[in-house]
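Report on the following structure.
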Amino acid sequence: MVATTRPETMLGDTAVAVHPDDPRHQGKIGKVIKHPFTGREFPVIAGSVLVDPKFGTGAVKVTPAHDPNDFECGKRHNLPFVSIFDEKGLVTAEGGPFVGLDRVEARKQVKAKIAELGLERGGKPHAHAVGHCQRCNTIVEPMISTQWFVKMEPLAKPAIEAVEQGKTRFVPETWSKTFFHWMNNIRDWCISRQLWWGHRIPAWYCAACQQPTVARTTPEKCAHCGGKDLTQDEDVLDTWFSSWLWPFATLGWPDQTRELRTFYPTTVMETGYDILFFWVARMLMAGLHFMKKVPFRTVYLHTMVTDEHGDKMSKVKGNTIDPLEVAQKHGADALRFALAWLTNPAAQGKNIKFSMSNVEDARRFANKIWNATRFVLMNLDDYNADQFADRTTEGPDGAEFDLPERWIMSRIQRATEEINTALEDYRFAEAAQAVYHFIWNEICDWYIELAKARLQDPAQAGERWKIQGTLVTALDAAMRLLHPFMPFITEELWQKLPKPQGAPQSIMITLYPIADPRYVDDATESAMALVQRVVATVRSLRTENNVPSSVRPKVVLNVIDDYKKTILDGYRGLVSEQARLGEIVVRRAGEPPTGAVLTAMAGDIEILLILEAKADSGPERAKLERDRATLTKDRDHLAKKLANPQFNEKAPRAVLDKDRARLAETEAALAKVEAALARL
RNA sequence: AGGCGAGUAGCUCAGUGGUAGAGCAGGCGCCUUACACGCGCCGGGUCGCAGGUUCAAUCCCUGUCUCGCCUACCA
């Protein structure tokens with residue numbers, strides 16, 4: 001008794017296989033079976049590969065001409081290969097009484113005939129794995145036919161060696177494992193395709209001797225018998241069979257063109273990881289075979305772009321996006337930036353979940369850049385680019401520029417460094433995010449804001465050209481850093497920026513920024529960080545306590561060291577402007593002011609906001625209590641850590657010093673919070 | 001079944017041996033003369049689970065669970 005999901009194929013059976021160790025079927029191996037319909041006689045064979053004794057009845061019918069596994073089995077056991085379907089899916093003469101039936105009809109009738117003869121032994125539901133056409137869902141019928149293959153092993157070997165020797169490397173490197181696994185187990189490549197268009201296979205069959213003649217041009221006569229009646233193979237070549245020639249065929253090969261000499265091999269091949277075998281590995285093999293050199297030195301593989309649910313885009317499913325439509329709606333820059341933002345080196349099984357909201361975010365970013373540039377241009381009426389050309393952080397008198405100018409110059413270098421490093425490592429998302437952060441959070445949120453009031457202040461007219469020049473410098477750097485990610489808007493805006501004599505005609509031919517260590521300024525950055533911290537804390541205090549933006553309260557800053565006093569004293573104007581304050585007093589110590597006072601801590605700096613009248617102390621108390629909880633937790637954690645003798649003994653000096661300093665700061669801040677709470 | 005990955009804030013994802021970050025989403029307040037495609041502020045995470053190594057683990061090791069991808073197979 002055998003089980004089958006496809007009864008109709010029994011017409012082509014030429015054996016029944018059982019497992020050699022299966023006690024149920026021991027005596028049957030070698031016996032001959034008579035086919036109930038065709039009358040054909042065939043053996044019961046022992047098949048340890050094909051048969052899983054735990055599955056079904058432990059006996060399997062073998063149809064070598066219509067099943068890939070049975071085909072292999074048929075070769076192993078020298079079984080006849082009986083084709084029971086023709087190319088239209090109709091039963092051939094081999095099918096005996098069923099001849100001429102469509103395969104679907106044949107299935108019904110074979111089943112009925114089995115029942116009629118009393119041979120049916122029941123059935124049960126079974127999830128089968130018969131192949132279906134992806135587009136029309138028709139069952140695919142495996143059949144035997146003559147097709148052309150490329151012998152892959154001799155081609156694979158040099159490619160494996162090239163990767164082993166590092167002539168081509170994968171980014172991320174982990175893909176070389178997958179590559180080796182596939183290449184070491186490579187199968188011959190079937191290049192025949194039964195499509196109605198494409199390059200016809202250059203093989204001709206002789207009517208006289210049936211032998212194939214393979215030639216570059218249409219042959220006059222059969223290479224074997226000289227026969228003149230030749231017919232070309234109907235099949236066409238697999239598309240990848242021409243694609244694997246891409247790296248050199250596109251450059252004029254087989255002619256030794258200038259382009260071929262210049263661009264072969266190329267540097268980076270970039271594609272989705274699903275293309276690794278289809279194309280990348282094959283280009284590598286073809287390149288080594290025809291050009292004797294690898295086609296590219298680096299293969300960058302990114303994850304697949306899927307829809308927002310993580311489903312692979314496919315025309316059949318209808319979840320594809322049309323890049324041209326997206327570009328039409330949101331701009332090519334937005335589309336490009338959105339993809340860059342999401343593109344990091346491929347981790348297997350992960351993908352880029354592409355959604356329109358990413359494109360919309362990128363478009364907002366483009367809008368932001370546009371407006372920032374507009375602001376700068378609006379303030380350049382009296383600006384002379386040539387005057388500023390060689391100045392960056394100090395004036396002709398040798399005097400340093402003001403804090404914001406020195407700060408953004410330093411930040412330009414940091415951003416440039418970060419972006420370049422990320423790009424060199426193929427971490428495109430990180431690079432894109434770094435540009436975004438630099439432009440939005442540093443240039444727009446801080447530098448432009450710090451520039452505004454000073455540009456309008458008649459008392460600072462002498463500073464004006466420095467601020468203007470620095471704004472232009474920052475935008476110039478920003479546009480050039482962003483250019484690979486948003487080529488169109490950056491060119492447009494860059495063209496509008498004032499430039500000194502002799503500047504390049506297009507942003508495309510400017511140099512990509514390189515960090516200049518001369519402008520990296522740690523002291524300036526930490527001073528600015530202090531200003532930012534105090535401003536942020538005051539803003540938070542005001543917002544949480546509903547102090548309207550029209551009110552400009554006086555503030556007292558109690559600091560615990562001279563460094564902070566000097567910095568905050570020196571930049572009271574900036575703090576006052578950004579935090580919308582009135583008078584600012586910075587002091588080392590003093591009695592807490594009486595009356596309507598709001599208190600908050602910026603690290604260990606105590607901020608006392610003095611109001612006309614104080615209303616509800618609830619929000620202030622809640623915030624101070626939250627601070628107290630956090631600070632207490634931090635203090636306990638640090639104290640416990642530092643009390644551990646093994647920590648003191650084994651931890652690096654720098655870590656110890658840092659933690660000790662942090663404990664001291666935390667304790668000081670906590671004491672001030674406690675005092676403020678007591679006063680409430 | 002074998003191979004390869006991933007599990008971190010509501011979502012999408014960064015990240016580092018020294019007490020966690022972004023974008024978006026959410027809440028509150030603002031038309032503060034570049035931008036409401038905006039500005040300011042706020043909330044939110046025992047970094048899948050269990051062991052181990054270490055002075056110290058989200059990060060290293062082992063096991064485990066879940067999810068995904070690739071390859072093979074499913075009479």
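So you know, we letter chains A, B, ... as the sequences are listed, proteins then strands, and number each from 1.
Legend: residues meeting salt bridge (Lys or Arg N to Asp or Glu O under 4.0 Å) with A:Asp333, ordered by chain and number and at least two apart, are absent. Every residue was checked against the salt bridge (Lys or Arg N to Asp or Glu O under 4.0 Å) condition with A:Asp457, not counting sequence neighbours, and none meets it. Judged as a ring-ring contact (aromatic ring centres under 6.0 Å, His included), and not counting sequence neighbours, A:Phe180 has no contacts. Every residue two or more places apart in sequence or in another chain that forms a salt bridge (Lys or Arg N to Asp or Glu O under 4.0 Å) with A:Arg662 is listed here: A:Asp659. The side chain to side chain contact (heavy atoms under 4.5 Å, CB included) test applied to A:His181 returns A:Asn185, not counting sequence neighbours. Evaluation of the ring-ring contact (aromatic ring centres under 6.0 Å, His included) rule for A:Tyr426 yields A:Tyr300 as partners, not counting sequence neighbours. Partners of A:Phe647 according to the ring-ring contact (aromatic ring centres under 6.0 Å, His included) rule, which considers only residues two or more places apart in sequence or in another chain, do not exist here. Taking A:Phe354 as the reference, nothing meets the ring-ring contact (aromatic ring centres under 6.0 Å, His included) condition, with sequence neighbours excluded.
In this structure, the aromatic ring of A:His637 is positioned over the six-membered ring of the base of B:rU19, centres within 5.5 Å and planes within 30°.
Between the CG atom of A:Asn441 and the C1' atom of B:rG21 there is a distance of 13 Å, rounded to whole Å. Distance, A:Arg542 CZ to B:rG29 C1': 12 Å, rounded to whole Å. For A:Lys633 and B:rU46, the NZ to P distance is 11 Å, given to the nearest whole Å. Separating the CZ atom of A:Arg187 from the C1' atom of B:rC70 is a distance of 14 Å, rounded to the nearest angstrom. Between A:Met378 atom CE and B:rC35 atom C1' there is a gap of 11 Å when expressed in whole angstrom units. Atoms CZ (A:Phe179) and P (B:rC69) sit 24 Å apart, rounded to a whole Å. Distance, A:Asp67 CG to B:rC74 C1': 11 Å, rounded to whole Å. Summarising the geometry, the separation between NZ on A:Lys177 and C1' on B:rC70 is reported as 14 Å, rounded to the nearest angstrom.
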Protein proximity profile, nucleotides 37-44 of chain B - base contact B, sugar-phosphate-only contact S, no contact -, cut-off 4.0 Å on heavy atoms: BSSBSSS-
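Looking at heavy-atom distances under 4.0 Å, A:Leu638 makes contact with a base. In this structure, A:Trp370 reaches neither bases nor backbone, as no heavy-atom distance under 4.0 Å exists between it and the strands shown. Within 4.0 Å of A:Thr4, counting heavy atoms only, lie sugar-phosphate atoms of the nucleic acid but no base atom.
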Dot-bracket pairing map - RNA chain B, Watson-Crick plus G-U, both contacts under 3.5 Å, | cross-strand: (((((((..((((....[..)))).(((((.......))))).....(((((..]....))))))))))))....
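If you take atom P in B:rC37 and the same atom in B:rA25, they sit 12 Å apart, rounded to whole Å. Between B:rU58 and B:rA9, the two P atoms lie 15 Å apart (nearest whole Å). B:rU19 and B:rA57 have their P atoms separated by 12 Å, with the value rounded to a whole Å. As rounded to the nearest Å, B:rG21 and B:rG45 have P atoms that lie 14 Å from one another. For the C1' atoms, the distance from B:rC24 to B:rG44 is 14 Å, rounded to whole Å. Only the P atoms considered, B:rG51 is 37 Å distant from B:rC42, to the nearest whole Å. Nucleotides B:rU32 and B:rG38 place their P atoms 16 Å apart, quoted to the nearest Å. Comparing B:rG15 with B:rA6, their C1' atoms sit 15 Å apart, to the nearest whole Å.
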Output a table of nitrogen or oxygen pairs between the protein and nucleotides 11-18 of chain B separated by less than 3.5 Å.
unit_1	atom_1	unit_2	atom_2	d
B:rC13	OP1	A:Asn351	O	3.4

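Annotation: of the two residues near RNA chain B, A:Trp182 and A:Ile443, the 5′-most nearest-nucleotide partner is A:Ile443. Residue whose closest nucleotide on RNA chain B sits further toward the 5' end, between A:Thr178 and A:Asp634: A:Thr178.
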Candidate pair A:Phe85 and A:His66, rule ring-ring contact (aromatic ring centres under 6.0 Å, His included), full reasoning: CA-CA 9 Å; A:Phe85 293 123; A:His66 293 286; 5.4 Å; yes
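Every pair passing salt bridge (Lys or Arg N to Asp or Glu O under 4.0 Å) that includes a residue from residues 646-655 of chain A is listed here, sequence neighbours excluded: A:Arg653-A:Asp657.
Judged by the 6.0 Å distance and 45° axis criteria, A:Arg539 is positioned over the aromatic ring of A:Trp446.
The ring-ring contact (aromatic ring centres under 6.0 Å, His included) test with A:Trp341 is passed by exactly one of A:Phe428, A:Tyr436, A:Phe365, A:Phe485: A:Tyr436. For the pairing with A:Ile443, the side-chain contact (heavy atoms from CB on, under 4.5 Å) check across A:Val376, A:Ile448, A:Ile369 returns one residue only, A:Ile448.
Contact annotation: A:Lys640 does not reach the phosphate of B:rU19 (side-chain N/O to OP1 or OP2, under 4.0 Å).
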